[in-house]
Amino acid sequence: MQIVKTKTYIKDLQKKIKNKHKKKEEETIEAIEELIIQSNNMKELMINPLSRVYNIEKKDGNLKEIYTAKINAKIRMHIKPIGKYPYKLEEIIEVELIEIDEKHYGEG
């Protein structure tokens, strides 16, 4: 598969990755990107044992066509196909970083 890195994604890499853990987070992101590139399609990606290491999972509900990967406790990578539904999950995908906070999950 190919990855399309948007301008927002590239900017977020610098803005959302904290200096204290920057090296570890960058290594995790690079490993996830490499895993995506090496996979022929999303089905192959999901059965790869490394997908469990990086907590790559398919979302449900309104986000049912988005997959997420855990970068750290507060940052997730959204992995989504490009185009209109029904998506061809074998083709190009787009990635972005989403910051998780108390508003996302609630305080409880």
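Keep in mind the model is a prediction, meaning the values are calculated, not measured.
- Shortest non-hydrogen contact noted between Val95 and Lys5 is CG2-CG, 4.4 Å.
- A distance of 4.5 Å separates CG of Asn72 from CD of Glu25, quoted to the nearest 0.5 Å.
- Considering only residues two or more places apart in sequence or on other chains, Glu30 meets the salt bridge (charged side-chain N to carboxylate O under 4.0 Å, His left out) condition with none of them.
- Taking CD1 of Ile66 as the reference point, atom CD1 of Ile79 lies at 10.5 Å (rounded to 0.5 Å).
- For the side-chain hydrogen bond (donor to acceptor under 3.5 Å, both in side chains) test, residues two or more places apart in sequence or in another chain that qualify with Gln38 are Glu34.
- Every side-chain contact (heavy atoms from CB on, under 4.5 Å) that Ile37 has, sequence neighbours left out, goes to Ile3.
- Exactly one residue among Asn55, Leu50, Ile56 makes a side-chain contact (heavy atoms from CB on, under 4.5 Å) with Val53. That residue is Leu50.
- Side-chain contact between Tyr54 and Met77 is absent, with no heavy-atom pair separated by less than 4.5 Å.
- For the atom pair Ile71 CD1 and Glu26 CD, the distance stands at 11.0 Å (nearest 0.5 Å).
- Under a 3.5 Å cut-off, the side chain of Ser39 and the backbone N or O of Leu35 do form a donor-acceptor pair.
- Using modelled atom types, no side-chain atom of Arg52 and backbone atom of Asn48 make a donor-acceptor pair closer than 3.5 Å.
- With rounding to the nearest 0.5 Å, the separation of NZ in Lys80 from NZ in Lys59 is 13.0 Å.
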